[in-house]
Structure formats: C-alpha cells, structure tokens
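One-based numbering, in listed order, for ligands and for the atoms of each. Residue numbers run from 1 in the order of the sequence given. Predicted, not measured: the structure shown is a model, and the values here were computed from it. Below, all heavy atoms of this structure are taken into account, side chains as well, without hydrogens, waters or symmetry copies.
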Amino acid sequence: MGQRVVIVGAGFGGQHAYHELAKAGYDVTLVDRHPYTTFQPLLYQVATGGLNPGDIAFPLRRFVSRSKGRTKFRRATVTGIDAENKRVLTNRGAPIEYDTLVLAQGAGPNFFNIPGAHENARTIYSRAEALQVRDLLFSGLEQMTTEPNHGQHFTVLVVGGGATGVEMAGTLAEMKSEAIPVVYPELSQDSLRVILAEMADTLLAPFEPRLQRYTLHELRKRGVDVRLGTAVKEVRPDSVDLSDGSTLGVDLVIWASGVGAHPEVSEWGVPQGKGGRIEVEPDLRVKGHRDMWAIGDCAVEPDSPLPQLAQPAMQMGTHVGKQIIAADRGEETTPFAYDDKGTMATIGRNAAVVQFPNGRTVTGFAAWALWVGVHLATLLGGRNRLQAMVNTAFRYFAWPQSATNIVGDAVAEDDSAVDPDSGRPRQPHQAE
Ligand SMILES: Cc1cc2nc3c(=O)[nH]c(=O)nc-3n(C[C@H](O)[C@H](O)[C@H](O)COP(=O)(O)OP(=O)(O)OC[C@H]3O[C@@H](n4cnc5c(N)ncnc54)[C@H](O)[C@@H]3O)c2cc1C
C-alpha cells in the first residue's frame, strides 16, 4: 500500500477506480483538466435549455474531500507520460510521479477527416460546448423574431443517428412542434428545421429492429426530417454537402457521429488500436506496460471490444481498482467480465427505448420513466440530483412554457454567439 497511484481523468471510469483505491487507503492522485466532472449523458439537456450546466457537473475537490486518507486532486491536462522515470507530464506544475498509472481520459469526437467538419460543426462533449450550442440555438430563434415575416428558417443538422444524435434531434423537434408556437408566437412552427442525417440505413444501430423502427417513427412524428443512408461529405460555415449530391443550407451543425481518441494520446507511447483506443490485456493492463492500466472509452481489449458507454467505464474502473490491490498483495489478477445491464436511449418526452440483455425491450412512457430514473440516480451529489429533478419535473409539467426557461447571457444581453452582420452563428470556438 506504499505505492502511489495516479488516475488520469475523473469521468465514470476514473471515479470508480478512485473509489476502490481510496477505500483501501492508497495514495491516489486524481488528475483532470477540468475542476469538475461532467455527466455527459445529460449534456444534450443543457444544450437545449432543459438543465443548468451546474446540475450535471460536480466539483472534483469536493469529490476527493469525501474520502479520508491520502488522496488528492490535481487540476491539470496530462500532456505526456515519461514511462522510464514513471512520471506524468502536465500542462501546469511539476510532473506527477507514480508507481501505478490508470488512464481514464475518455474520448472525443471523430470527424473521420470530413472536410470542414472539425472547423464548422459543433460537438457536445463538454459543458462549455453544450452551452455554446444552447446559446447559438436560442440566439438564432431570437434573431428571427426581429424579422418574423421574412420566411427565414433556422436549420439544425444533427449528424449521426446513434443515441446522442437521436436524443438531440428529439428534443429539438419538441421545441419546434410544441414550444415555438407558445414561446415564440412571432415565428411559424416551421422556422426551426431539424434534420438528422445518418449514413446507415437505420437509427440506433446496436438496438433491436423493433426499437429502431419505433425511434424512426417517433422522430418523424415529432417533425424531424430523418435522412437515412445519407452521409455528410463536407461542412462549410453555412452549408453542407450530402452524399446524395445535394447541398443543404445550415445554421448549426451538431456532430454526434463517431468517437475517437484524444489526439495527444498518440504522443504518450501507449499501444493504440481501432479508433485510437489504448490496447489492454484481458485484465485491463496496458499491453507492454506492467504498471499501467486503461479503462473506459479510451481503452479496448482487441478480442472483445465494448461499447463506449458509462456502464462499461464504471465497471472497468472498479475492476482495475481491485486488480491494483490484488497485484500489490502478490495475488493473481483476473480478466475483466462485463455485466451488461441493458442499453437505453431517449427520444423526447414520454418516448424512449430500453433493451435488456435477455432480449426484453421497452418503449414509450415506461422506457422514458426508466431512463429519467437511471440518469438522475447516477448523478453525483445530492444537491445536483435535486436540482436536476426539479428542473426535469418543471420541464415535464410546465412544458412547453418552460422550454426557454434557462438560456444564456448571449441571448438576453449581447447576442455574442451570433455574428451581428450576417445574423448567423459565429464560428465554433475552441472547446474548453
Ligand atoms: C453527449 C453524450 C451523451 C452520452 N449519452 C450516454 C448515455 O445516455 N448513456 C451512456 O451509457 N453513455 C453515454 N455517453 C457516453 C459516456 O458519457 C461515456 O462512455 C463515458 O463518459 C466514458 O467514461 P470515461 O470515464 O471513459 O470517460 P469520461 O467520462 O469522458 O471522462 C474522462 C475525463 O478525463 C478528463 N480528461 C480528458 N483528457 C485529459 C487529459 N489529457 N488530462 C487530464 N484529464 C483529461 C476529462 O476532462 C474527463 O473528466 C454519452 C456521451 C456524450 C458525449
């Protein structure tokens, strides 16, 4: 137990590894580039004004202060690993020495080298990015109310028909069909156009066909223009080229397609496989490194790749914590076995899909209630949970009037998210 463990990244995986090791009295340093941890599955709620950013973020110093013993938090971005001298290099302060290193830095978007996507599309991986999307959206709607009779549209293109794309498009569609007529009476319902482009012939690829059909039906019923078998070929500030040869005028492109490793990981001297994920042994040790482990979205066991979701990350975190303790005691480590508890995605109010490993599926209100329950229960911090519950309940019961309850200063005061000359969203900023 004399050893120092450094955990890079305090997301789902990092937190679970931390818990195991802190409980056992280890000297643990949790490193994250943000001073808070973000609950990514609810970011799209922040992007559409349903939740406040603080509802889904939890301060990491408070997280660490809950455990007694020799643990600490260091806010820094890890820039490299000096494996020979067992040190982690960071963008601020001295290198951090370790005996055991746990890599849990998650993943980011994958633009698949599509021209202009990185420069012109928005992503919702962080709190800051979700807020930018929110402000652009509401700024765009406000902007249109100043010239309501000009037949303008605000067109949002969501790229990718996985769970994130479906959730984002579904919520935007509700704003279009239910909120706009009430909250923006100057605008016609069609002022907000929501298009979802998916290159495959189906939405929600890992789900049962019945759930895929249900999702497609619900989205179309809610007014989303779903285009299956349609890939994005190029993204420009105000238009995109699609694989059917057409060009689409757009005000906001939300990139919800593909997950890739953070680019800096390629400099860390660790073996990377498909999608840049770090290759691990069955026990989750990094291949070729006895004292390094990798978990969550950033890791892959090449023979049994797992989906990049919260459950695998949490379970891997707990497993690695236990393996480090076992190895320290001179015991054999054991391979990681994923316990699939089911998968879910929400489409909008009263509509979601849930698929259990035994093949059972649930749709509609029951699935939606399950989705809300699981997500609120998983949030860190009692106050966050309460705030998120109040905001979710308010949104549910006071909808559509509550649709724009929580908006950014950019809308209310200076429209800074919008270019005053063109009235169009400004170019994406560098994410936090
Ligand atoms: C919009 C969205 C919606 C999602 N919805 C769902 C859902 O409904 N259900 C589900 O199961 N999954 C969902 N996911 C996926 C889920 O959030 C991830 O699978 C999960 O967060 C992975 O956990 P992790 O611990 O590997 O990484 P993360 O939770 O991403 O944590 C990584 C941490 O590392 C930090 N970090 C990154 N790089 C560095 C660095 N160089 N130095 C220091 N710190 C660093 C980050 O700040 C972050 O705190 C969603 C993801 C997104 C983006």
Is there a polar contact, in the sense of an N or O pair closer than 3.5 Å, between [X] and ligand 1?
X: Met344; result: no
X: Gly13; result: yes
X: Leu309; result: yes

> Among all protein non-hydrogen atoms, which one is nearest to atom 15 (C) of ligand 1, and what is the separation to 0.1 Å?
Replying inline: Gln308 O, 3.8 Å
>> Please compare Asp32, Ile124, Leu30 and report which has the shortest non-hydrogen distance to atom 46 (C) of ligand 1.
In response: Asp32
> Evaluating non-hydrogen atoms only, which member of Gly11, Pro41, Pro35 is closest to atom 7 (C) of ligand 1?
Replying inline: Pro41
> With a 4.0 Å cut-off on heavy atoms, does Thr164 reach ligand 1?
Replying inline: yes
> Non-hydrogen atoms of Gly317 versus ligand 1: any pair closer than 4.0 Å?
Replying inline: no
Give the contacting part of [X] toward ligand 1: side chain, backbone, both or neither, where contact means a heavy-atom distance below 4.0 Å.
X: Ala310; result: both
X: Arg33; result: both
X: Ala76; result: backbone
X: His375; result: side chain

> For the residue pair His375 and Phe39, does the interplanar ring angle fall in the parallel (under 30°), tilted (30 to 60°) or perpendicular (over 60°) class?
Replying inline: perpendicular
> So how far is it from Leu137 CG to Thr171 OG1, rounded to the nearest 0.5 Å?
Replying inline: 10.5 Å
> Looking only at atom types and distance, does a side-chain atom of Arg277 sit under 3.5 Å from a main-chain N or O of Ala299, one as donor and one as acceptor?
Replying inline: yes
>> Test: ring pair (Phe, Tyr, Trp, His ring centres under 6.0 Å). Region: residues 194-224. Which pairs qualify, not counting sequence neighbours?
In response: none
> Relative to the heavy atoms of Gly296, which atoms of ligand 1 are at a distance of less than 4.0 Å?
Replying inline: 26 (O)
> Who passes side-chain hydrogen bond (donor to acceptor under 3.5 Å, both in side chains) against Lys176, sequence neighbours left out?
Replying inline: none
> Side-chain donor-acceptor pair under 3.5 Å between Tyr26 and Thr100, yes or no?
Replying inline: no
>> Would you say the rings of His319 and Tyr338 are close, in the sense that their centroids are separated by under 6.0 Å?
In response: no
> Can you tell which of Val374, Val353, Val362 makes a side chain to side chain contact (heavy atoms under 4.5 Å, CB included) with Met344?
Replying inline: Val374
> Which heavy atom in Val78 sits nearest to a heavy atom in Glu264, and how many Å separate them?
Replying inline: O-CG, 4.4 Å
